[in-house]
Structure formats: C-alpha cells, structure tokens
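As structure tokens, the structure follows; a few thoughts come after it.
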Amino acid sequence: MTQPAPALAVTIPPGLTGRAVTMQFEDNALLPLLLGDHDRHLSRLEQGLGVRLACRGNRVSISGDPARVEAAQAALGGLWQRLRTGQTVASGDVDAAIRMTNARTAEADPRLPLADLPAIRTRRGSVGPRSPGQSSYMEMLSRHEMVFGIGPAGTGKTYLAVAQAVAMLLAGQVERIVLSRPAVEAGERLGFLPGDMKEKVDPYLRPLYDALGDMMPGDQMARRIAVGEIEVAPLAFMRGRTLSHAFVILDEAQNTTPAQMKMFLTRMGEGTRMVITGDLTQIDLPPGTRSGLREALDTLEGVQGIGVNRFDVRDVVRHPLVARIVDAYEQRAVAERDTRGRAKRESDGAPK
C-alpha cells in the first residue's frame with residue numbers, strides 16, 4: 001500500500017528573520033530509519049545544509065535561512081521517498097542528498113527533484129546518483145551509444161557504467177558485457193608472477209570484478225563469466241575483434257596510447273554500447289607518450305551520438321576526506337602551473 005507523503009506545516013514565529021518549516025511523517029516504523037541512530041542523520045543534515053533540525057514525535061522542524069530550509073526540506077523529502085520505496089538510508093545516502101541539494105541551491109539547478117532522479121535497477125536493488133555529475137552521467141548512459149566519463153577517483157565513473165551494463169544484460173538489451181583495462185603493468189613488471197596471462201592480470205582487473213560483485217550474486221557472476229556472457233580482459237585482447245550486441249567498458253583509459261584507443265573504439269559493432277572512463281590527472285604512460293584518451297576527446301567531443309560527462313571534485317562520493325585530497329592536489333597542480341608560467345614569462349622578458 002502506498003504510504004502518504006510527509007505533510008508540511010509552514011510557520012514563521014514572530015521576530016524570526018528566516019523561515020521555519022515542520023514536516024510530519026506518518027509512518028512511525030520508517031521514521032527511525034530516516035533519523036538514524038541517535039539522530040545522526042539529522043546531525044549530518046544540519047552540518048551539511050546549515051540549518052537547525054529538531055524532532056518531536058513524528059515531526060521534524062527545520063529553521064534557518066529560507067533557501068537553506070528549502071534545501072533541507074528537499075533532502076528530507078528525497079530520503080523519505082527512498083524509505084517509502086523499500087530502499088535503505090545510510091550515511092552515504094545522506095551525504096548524497098546534501099551534495100545534490102547544495103548543488104541546486106548554489107546553481108539554481110533546474111534538473112529533476114531528488115525524488116525523481118534517474119536510477120539503474122539491478123537484481124541487487126536500485127542504484128541512484130549521489131551527485132549532480134552522476135545524475136547527468138546516468139542520463140547519458142541511458143541515451144547514448146558511446147559515453148566518455150572523465151574525472152577524478154571516487155566519482156563512480158566505472159561503478160555506474162558497470163551497473164548500467166548489468167541492468168541491460170539482465171533486461172535482455174545486450175547479450176554480453178565486456179570489461180577491459182589497458183594493462184600497463186602486464187609487461188616485464190608482472191612477468192615474475194606465477195601462472196598464465198589471466199592469472200597475472202586478474203589482480204589488476206580486480207576493481208571491475210568488485211563492481212560486478214555488487215550488482216549480482218557471486219555464483220551468478222561466476223556462471224556468466226564461465227559461459228562468456230561476462231568477459232573481463234586486458235585491452236590487448238580486443239585487437240582484431242568486432243564486438244556486437246554487447247555493453248563494452250574501457251576503464252583507466254588515460255593509460256591507452258592513441259593507437260590503442262583508436263583500435264578499441266573501432267571494435268564497436270551492431271547493437272553495442274561503449275563507455276570509456278578515465279582520469280587525465282593520473283596518466284601512467286612513459287614520459288612523452290600522448291594519452292589516447294586525451295586525443296580521443298580532442299577528436300571526438302561534439303560528434304553526434306557521443307556523450308562526454310566531466311566529473312569534478314564535487315562529484316567525489318567516497319569518504320569526504322577523498323574529496324579534500326583530490327581538491328588539494330588540484331590546487332597544488334594549479335599553483336605549480338602558475339609558477340612555471342610566471343618563471344617562463346620572466347625568462348622571456350629578461351635581457352640577454
């Protein structure tokens with residue numbers, strides 16, 4: 001049975017320079033899940049959104065700046081909607097709600113409200129966006145045959161692509177999934193390891209296996225790998241093939257050479273989707289070697305049918321400290337570029 005949406009009562013006490021809103025939640029079984037242990041979810045929302053929250057009975061009052069109150073109202077409403085549809089609300093979901101509502105407040109973002117965001121549905125449950133960048137990325141994954149996801153670690157580039165691949169496989173929209181990485185370390189540096197090539201490169205491909213494991217039971221994943229419905233392989237194994245009716249993901253694409261990238265992109269066959277993910281700040285190629293991902297973006301961005309989604313530090317959805325680490329490195333890189341540029345200008349202008 002559909003549960004009623006939370007009722008709203010808006011009050012502005014005399015002398016208050018701001019706004020106060022009371023939200024009433026009718027399902028007393030779900031309310032503790034919304035609040036979190038010892039109201040920790042409310043505390044997280046208070047800190048993240050800059051409002052005052054208080055719970056009495058089945059009512060939560062919100063007070064503060066009108067724009068902030070509206071943001072908190074949207075965040076609580078979105079989290080409540082998750083619970084009403086049988087999903088859970090964990091700390092990461094609360095952080096995602098804060099991230100999404102803050103983005104809308106800061107940018108007057110006209111995109112979908114939190115309760116109507118896109119979702120990827122697998123047998124393990126629904127996977128939804130946790131940042132504005134993820135929301136636009138998921139929309140691209142559903143619309144485009146080829147998508148580039150570019151940005152720092154922790155933004156969900158590969159995870160969401162794998163989720164879309166699994167959802168399309170389970171729905172019968174593709175016949176198989178092919179996951180690949182350029183095995184930069186699979187030359188002499190792995191040569192001392194025991195076993196055949198698969199055993200040597202499997203540890204390098206482990207993040208792809210981990211993402212798959214989150215989408216389907218382990219025995220089902222193993223069975224689909226055994227029959228060839230899911231293939232996880234180094235990029236070198238793609239040469240000479242045509243991939244039809246497949247969902248193909250190339251991860252860590254910043255470590256491809258231009259020739260490798262062109263080879264990969266031209267494997268695309270009938271009924272195939274391709275997703276290419278990478279972080280141009282973490283290129284491990286030998287010095288002087290141009291990244292195939294950078295060249296592909298310079299060449300293909302704007303081509304009809306190709307989507308390019310660029311994530312930034314605001315889309316990092318791992319531990320909050322990861323976002324601050326990424327931001328610190330970006331600031332250092334900018335400062336070093338400025339220093340080099342200033343030194344070059346001074347050198348060019350110096351008397352000979």
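Here, residue 1 is the first one in the sequence, and each next residue gets the next number.
In this structure the side chain of Ile150 never reaches within 4.5 angstrom of the side chain of Asn309, judged on heavy atoms. Taking 4.5 Å as the limit, every side-chain heavy atom of Phe148 sits out of range of all side-chain heavy atoms of Val275. Looking at Leu280 and Ser291, their side chains come closer than 4.5 Å, going by heavy atoms from C-beta outward. Residues Leu235 and Arg181 fail the side-chain proximity criterion, which asks for heavy atoms closer than 4.5 Å. Residues Tyr329 and Thr281 are not in side-chain contact: their nearest non-hydrogen atoms beyond the backbone lie 4.5 Å or more apart. Counting heavy atoms from C-beta outward, Pro152 and Val316 have side chains that approach closer than 4.5 Å. Using a 4.5 Å cut-off on side-chain heavy atoms (C-beta onward), Met215 and Leu212 make no contact. Side-chain contact between Gln164 and Met138: absent, with no pair of heavy atoms (C-beta onward) separated by less than 4.5 Å.
The shortest heavy-atom contact between Met23 and Gly77 is CE-N, 4.2 Å. Nearest heavy-atom pair, Ala161 versus Tyr137, reported as atom, atom and distance to 0.1 Å: CB-OH, 3.8 Å. Among all heavy-atom pairs drawn from Ala165 and Phe247, the shortest one is CB-CD2, 3.4 Å. Between Phe25 and Val60, the closest heavy-atom pair is CE1-CG2, 3.8 Å. Shown here for Arg224 and Leu170, the closest heavy-atom pair between the two residues is NH2-CD2, 3.5 Å. Closest of all the heavy-atom pairs between Asp93 and Leu79 is O-CD2, 3.7 Å.
Every side chain to side chain contact (heavy atoms under 4.5 Å, CB included) that Ala72 has, sequence neighbours left out, goes to Leu49, Val51, Ile62. Listed by chain and residue number, nothing satisfies the salt bridge (charged side-chain N to carboxylate O under 4.0 Å, His left out) test with Glu145 (two or more places apart in sequence, or in another chain). Listed by chain and number, the residues in a salt bridge (charged side-chain N to carboxylate O under 4.0 Å, His left out) with Arg40 amount to none (sequence neighbours excluded). Considering only residues two or more places apart in sequence or on other chains, Arg241 meets the salt bridge (charged side-chain N to carboxylate O under 4.0 Å, His left out) condition with Glu231. Taking the side-chain hydrogen bond (donor to acceptor under 3.5 Å, both in side chains) definition, one finds that Thr158 meets it with Asp251, Thr277, sequence neighbours left out. Taking the side chain to side chain contact (heavy atoms under 4.5 Å, CB included) definition, one finds that Ser43 meets it with nothing, sequence neighbours left out. The salt bridge (charged side-chain N to carboxylate O under 4.0 Å, His left out) search around Asp312 returns Arg314, not counting sequence neighbours. Partners of Phe264 under the ring-ring contact (aromatic ring centres under 6.0 Å, His included) rule, at least two apart in sequence or in another chain, do not exist in this structure.
When hydrophobic clusters are built by joining Ile, Leu, Val, Met, Phe, Trp and Tyr residues whose side-chain heavy atoms come closer than 4.5 Å, directly or via intermediates, Val303 is grouped together with Met268.
Environment of CD in Glu70: sparse, with no more than 12 heavy atoms of neighbouring residues, nucleotides or ligands closer than 6.0 Å. The environment of Arg143 atom CZ is dense: over 12 non-hydrogen atoms of other residues, nucleotides or ligands sit within 6.0 angstrom.
Remark: the backbone N or O of Gly292 is not paired with any side-chain donor or acceptor of Gln260 at under 3.5 angstrom. Listed for the Asp39 side chain is no donor-acceptor partner under 3.5 Å among the backbone atoms of Leu42. Remark: the backbone N or O of Ala296 is not paired with any side-chain donor or acceptor of Thr299 at under 3.5 angstrom.
Residues in residues 285-308 take part in these salt bridge (charged side-chain N to carboxylate O under 4.0 Å, His left out) pairs, two or more places apart or across chains: Arg290-Glu295, Arg290-Asp298, Glu301-Arg310. Screening residues 259-276 for salt bridge (charged side-chain N to carboxylate O under 4.0 Å, His left out), with sequence neighbours left out, gives no hits. For residues 154-163, the set of pairs meeting the salt bridge (charged side-chain N to carboxylate O under 4.0 Å, His left out) definition, not counting sequence neighbours, is empty. For residues 161-179, there are no salt bridge (charged side-chain N to carboxylate O under 4.0 Å, His left out) pairs, not counting sequence neighbours.
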Ser180 and Met238: CA distance, side-chain angles, deciding distance, side-chain contact (heavy atoms from CB on, under 4.5 Å) verdict = CA-CA 8 Å; Ser180 185; Met238 301 295 109; 4.2 Å; yes

Is there a side-chain contact (heavy atoms from CB on, under 4.5 Å) between Tyr209 and Val232 once you walk through the steps?
-> CA-CA 8 Å; Tyr209 287 112; Val232 185; 3.8 Å; yes

Step-by-step side-chain contact (heavy atoms from CB on, under 4.5 Å) determination, Leu31 to Leu35 | CA-CA 6 Å; Leu31 185 57; Leu35 304 179; 4.1 Å; yes

Go through Trp80 and Val89 one step at a time and tell me if the side-chain contact (heavy atoms from CB on, under 4.5 Å) criterion holds.
-> CA-CA 9 Å; Trp80 183 251; Val89 168; over 6 Å; no

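Note that OG of Ser136 and CZ of Phe311 are 6.5 Å apart. Values are rounded to the nearest 0.5 Å. We find the CD1-CD distance between Ile276 and Glu252 to be 14.0 Å, quoted to the nearest 0.5 Å. Ile177 contributes atom CD1, which lies 7.0 Å from atom CD1 of Ile249 (distance to the nearest 0.5 angstrom). Rounded to the nearest 0.5 angstrom, Thr256 OG1 and Leu265 CG are separated by 8.5 Å. Interatomic distance, Thr155 OG1 to Leu160 CG, rounded to the nearest 0.5 Å: 8.5 Å. The CG atom of Asn58 sits 12.0 Å away from the CG atom of Leu30 when rounded to the nearest 0.5 Å.
Results of the side-chain contact (heavy atoms from CB on, under 4.5 Å) test with Leu53 over Arg44, His41, Glu46 single out Glu46 as the only residue that passes. With Val178 as the partner, the side-chain contact (heavy atoms from CB on, under 4.5 Å) test is satisfied by one option alone out of Leu250, Thr272, Val248: Val248.
Judged purely by distance below 3.5 Å, without hydrogens or angles, the side chains of Ser131 and Asp315 pair a donor atom with an acceptor atom. A donor and an acceptor atom, one from each side chain of Arg84 and Gln81, are located under 3.5 Å apart.
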